[in-house]
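Read through the structure below, which is laid out as C-alpha cells, and then see the notes.
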Amino acid sequence: MTRTVARRIVVLGSPGSGKSTFSHALAAGTGLPLVHLDDAYWRPGWCRPSTPEWERTVERLTAGPCWIIDGNFAGTVRQRVERADAVVLLDRHPWLCAAALVRRSLRLRRDTLRGRRPRDYLPAGLAADDPPVRSLTALVRKAAGFRGRELRAMRPALAACTAPVLRCRSRRSAERLLRHLSARSRPLPAAPAGSRPPFVCTCAPRRHHGLPVPSALSAAPSAASRDSRSARPDRTRRGAPEHG
C-alpha cells in the first residue's frame, strides 16, 4: 500500500477487469484528471495512429504533474510507470473478466437497439457497433490470454519501476484500495490557465456498477484507514506482478 499521496496513477488490467469503472470512481474520489488511453488512441472509423505518433501522445499525457491514466497498451507501459507514483493492477480471474465482457456487450447492444446513449464507457472515437467494441469473441480471447501475453510483456517494466504496484485480485480488494487512495487524496494546486491535459475524461458521472463512490467515503478518512490496514490488496515484490 502506498504511504505517500499519489498524484500520478497508472491503472492496468485485463479487458473486463473493471479498469474504467475503477478509474471513474478514483477520479471522483481524488479529483485527479482521468485519461482513458482508448480515447487518445482510436480515431473515427477505428483508425490507429502510427507507433511514433502514439509514443509522442503518451509522452504528452504523462508530462503533467497529476493524472490517472487507464489502459494497457503494453508497448508504452514503461513510459507511464516510470513517471507514476502508484500502479494499480486489476488482476481478476480471466473467466470472471470474460463474463463481465459478455454482460457489457449485452448492455451495449440493448442500449443501441433502444436508441439510447450507452451506459458503459465507450472510447471517444468509437461507436457501439464498431469492430473493436462489437467483437465479443476477440475481447473474450484477449481477456483469457491477458496473463500469458499482455501481462507477461509488461512484467519487465513493472519490475523496474520505482512506484508501488498494487495488485487487486477481486472486486473487494479493488474497493479497499479505492477507499485508501481516496482517503489519502489532497486538494490539488490551481492549474495554470490553458494547462488542461489533452483527452481528459468527461464521463466520470457514469454509473460505477457497484463500486463505492469514494467522495462520500473521503469525509471519514479514519474509517477508510482502518479498513485499508485490516485487509490490504496484494502488493507484488519490487513491483513485479505475480502469476498463477
Side-chain angles (χ1 to χ4, degrees), residues 1-2 6-27 29-30 32-42 54-55 57-59 61-62 66-94 96-98 100-101 104 121 123 132 139-178 180-181 199 201 211 232-244:
M1 189 74 68
T2 178
R7 289 189 170 172
R8 295 182 298 273
I9 304 173
V10 170
V11 181
L12 306 170
S14 167
S17 63
K19 292 190 304 298
S20 298
T21 299
F22 180 93
S23 298
H24 282 141
L26 184 59
T30 61
L32 295 171
L34 166 62
V35 174
H36 302 290
L37 287 182
D38 279 334
D39 287 347
Y41 185 80
W42 292 104
W54 177 235
E55 290 175 348
T57 298
V58 173
E59 186 72 18
L61 292 174
T62 58
C66 54
W67 38 258
I68 300 166
I69 296 183
D70 154 41
N72 294 324
F73 293 90
T76 59
V77 71
R78 188 177 297 273
Q79 285 178 266
R80 286 169 273 141
V81 301
E82 285 178 347
R83 296 185 180 180
D85 299 322
V87 179
V88 176
L89 174 61
L90 302 181
D91 189 22
R92 300 182 71 198
H93 192 281
L96 291 177
C97 295
L101 287 170
R104 185 178 71 179
Y121 161 72
L139 286 170
V140 169
R141 189 183 299 121
K142 194 171 183 179
F146 173 75
R147 289 177 175 173
R149 290 193 297 268
E150 211 164 355
L151 188 53
R152 181 177 295 175
M154 293 189 285
R155 184 191 297 176
L158 295 177
C161 77
T162 58
V165 178
L166 306 168
R167 181 182 182 184
C168 299
R169 296 186 178 186
S170 66
R171 181 179 294 273
R172 183 172 296 177
S173 63
E175 290 174 353
R176 288 194 292 265
L177 178 58
L178 185 60
H180 173 79
L181 293 174
F199 304 110
C201 172
L211 281 175
R232 298 178 178 180
D234 298 330
R235 176 177 173 178
T236 61
R237 192 175 69 176
R238 293 184 58 80
E242 299 172 359
H243 290 262

Q) CG/L96 to CZ/R171 distance, rounded to the nearest 0.5 angstrom? A) 9.5 Å
Q) Relative to the ring of Y41, is the ring of F73 parallel (under 30°), tilted (30 to 60°) or perpendicular (over 60°)? A) tilted
Q.
Suppose we screen for salt bridge (charged side-chain N to carboxylate O under 4.0 Å, His left out). Which residues come up paired with E59, at least two apart in sequence or across chains?
A. R83
Q.
Can you give me the closest heavy-atom contact between N72 and L37, atom names plus distance?
A. O-CD1, 4.4 Å
Q: For S20, check side chain to side chain contact (heavy atoms under 4.5 Å, CB included) against everything at least two apart and list the hits.
A: H36, D70, Y121
Q. How far apart are the closest heavy atoms of K19 and G13, and which atoms are they?
A. NZ-O, 3.0 Å
**Q.** Atom of S23, atom of L34 and distance for their closest heavy-atom approach
**A.** CB-CD1, 3.6 Å
Q: Hey, could you give me the OG1/CZ distance between T62 and R80, rounded to the nearest 0.5 Å?
A: 9.0 Å
**Q.** Where G16 and L101 come nearest, the two heavy atoms and their spacing
**A.** N-CD2, 3.7 Å
**Q.** Shortest non-hydrogen contact from A163 toward A84
**A.** CB-O, 3.3 Å
**Q.** Distance, nearest 0.5 Å, that separates CG of L158 from CG of L151
**A.** 7.0 Å
Q: Output yes when a side-chain donor or acceptor of S14 lies under 3.5 Å from a complementary backbone atom of S17, and no otherwise.
A: no
Q | Short N-O contact, D91 and R169, less than 4.0 angstrom | A | no
(Q) Tell me the closest heavy-atom pair linking V140 and A98, and the distance in Å. (A) CG1-CB, 3.9 Å
